[in-house]
Number of protein chains: 2
Amino acid sequence: MGRVMARHRTAAKAEARRRAPGDAGEAPPLRKSEATRLRILDAAARVFARRGYADTRLSDIAQEAGTFAGSIYYYFESREELVEEVLRLGVTGVFEAVRDKVEALPPGASYREKLTVAMETHLSFTLAENDFATANQRLFAQVPGEIRLRHIHVHRAYGNYWRRLLEGARRAGEIRRDIDLSVLRLQILGAINWTMEWYKPGKRSIEQIANQLATTVFDGVAAA
Amino acid sequence: MGRVMARHRTAAKAEARRRAPGDAGEAPPLRKSEATRLRILDAAARVFARRGYADTRLSDIAQEAGTFAGSIYYYFESREELVEEVLRLGVTGVFEAVRDKVEALPPGASYREKLTVAMETHLSFTLAENDFATANQRLFAQVPGEIRLRHIHVHRAYGNYWRRLLEGARRAGEIRRDIDLSVLRLQILGAINWTMEWYKPGKRSIEQIANQLATTVFDGVAAA
DNA sequence: ATCATAATCTAAATTAAATTAGAATATCAA
DNA sequence: TTGATATTCTAATTTAATTTAGATTATGAT
């Protein structure tokens, strides 16, 4: 009840927000329990990524974050809100990473290069760097339908980005006209997403996997 | 406690098994509550396929089967046993369908043909025909880790079948030698499995999707 | 028609979480 | 140092499901 809550909603970067000392009228200035909130969020992503939705208790998350199940409610309205925040940060993280890498390519880059970078970035971000991204992959299919519905638009935004990439590639004559781009897009993302289910670090590098995927998609595997 | 149980374990086809009237010594002869068991199993597959693990209650399944949550325990030890049976039947069904179709090909068939048929069969079986297959796809990633572990070998058997197909294709010179077959296999199955998440009947035929997948895999999408 | 046992139903017990409440503690401004 | 408020802890409550138990009804053999 007498909680802070809504204040913390915003996000992951903990924007600096000391208030100038005398601006009353405003809502009371914020302290930085933000650190704790972040710790909980990180812990949630980590545990969800590792164990999936069905195997994760709030108490597991609390323990991982060095606090208690009950305490989580100081920072999140509910288990759902926590899950959804993890989900959201997962997609937006991948999206931004992919877009940044693609835009960092030199102006003359071919679409093949762009798509290859996109695949590689998505893959490596998901596999190696970011518990939020991993958690998002795992969780999205596991989570109750209602939550999934509330998040579909975040996914769609990312999907649209890929759609534009592929359309560009076709316009540039780098993809045959008889290819159904929607199907292609979903096949590529499917192959990437599935990787998480089997990839174990060590044997093959993420780069190798990404490269083979790009090669397969563009050139196929047929000999001769 | 005074249940029947273990007797029903076997499977889905309800083997005929009237006893010859006078063979005592044997455990008491079986009646056909098998029909009910099957009804429950079908209902479970249907509901699990539609709503996923987290959204399915035993009471939902019971209702779909025209019985009651409590009654399920006459036929299954636990919710887990029910889930696992659905899971198992899901994989073996797809496996058998794929193998049958591939083996039904004329003797001279190329591996490209074999693989195309395999993709198409897996896809259409999963998408259109069989709630067990659909449920298996959905559930496998959603189910608690312990269950998944107990089922990994069933999946592995199916995976090995694909592995052999791809190795055959390579030996026959239909796949380039620089392709990592494990990665390829997982990419193909990933693309197929993901389809379930987005496919809506009507717009595109399953055959179209399968064909594009096969084309992409063998020839790639690059123009010229 | 009767009896034994199979099959089903109903309601209660159990279980395992999430959630709430409120006490205890820390922090920080005056 | 003190008081106010923010934060954290602990334990109790709630909730929603699975599971058990036992009563009830159907079925098939004699």
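What's counted below: heavy atoms across the whole structure, side chains too, no hydrogens, waters or symmetry copies. Residue numbers begin at 1 in each chain, while the letters A, B, ... track the order of the sequences.
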Please work out which of the three classes, parallel, tilted or perpendicular, describes the rings of B:Tyr158 and B:Tyr161, given edges at 30° and 60°. parallel

Residues which pass ring-ring contact (aromatic ring centres under 6.0 Å, His included) with A:Phe68, listed by chain and number, not counting sequence neighbours: none

Could you state the CZ-P distance from B:Arg51 to D:dA17, rounded to the nearest angstrom? 10 Å

Using whole Å, what does the distance between atom C1' of nucleotide C:dA18 and atom OH of A:Tyr53 come to? 11 Å

Check this one for me: any side-chain N or O of B:Tyr73 less than 4.0 Å away from OP1 or OP2 of D:dT19? yes

Using whole Å, report how far OH of A:Tyr74 lies from P of C:dT27. 13 Å

Without decimals, in angstroms, what is the distance between A:Leu82 CG and C:dA18 P? 10 Å

Which residue pairs pass the ring pair (Phe, Tyr, Trp, His ring centres under 6.0 Å) test when at least one of the two sits in residues 133-153 of chain A, sequence neighbours left out? A:Phe140-A:His155

Report, one line per pair, each donor and acceptor closer than 3.5 Å where one atom sits in a side chain of residues 194-201 of chain A; sequence neighbours left out.
{"residue": "A:Thr195", "atom": "OG1", "partner": "A:Ala191", "partner atom": "O", "Å": "2.9"}
{"residue": "A:Thr195", "atom": "OG1", "partner": "A:Ile192", "partner atom": "O", "Å": "2.9"}
{"residue": "A:Tyr199", "atom": "OH", "partner": "A:Arg204", "partner atom": "O", "Å": "3.4"}

Hey, can you pull the residues of residues 55-71 of chain B with a non-hydrogen atom under 4.0 angstrom from DNA chain D? B:Arg57, B:Leu58, B:Gly70

Given atom CZ of A:Phe76 and atom C1' of C:dT20, what is their separation to the nearest angstrom? 18 Å

For B:Arg46, which residues count as a side chain to side chain donor-acceptor pair (under 3.5 Å) partner, sequence neighbours excluded? B:Glu64

Starting from P on D:dT27, measure out to CD on B:Glu34 and report it in whole angstrom. 16 Å

How close or far is atom P of D:dT7 from atom CZ of A:Arg39, stated in whole angstroms? 12 Å

Rounded to whole Å, CZ of B:Arg79 lies from P of D:dT20 at a distance of 15 Å

Any residue meeting side chain to side chain contact (heavy atoms under 4.5 Å, CB included) with A:Lys101, in chain and number order, not counting sequence neighbours: A:Val117, A:Thr121

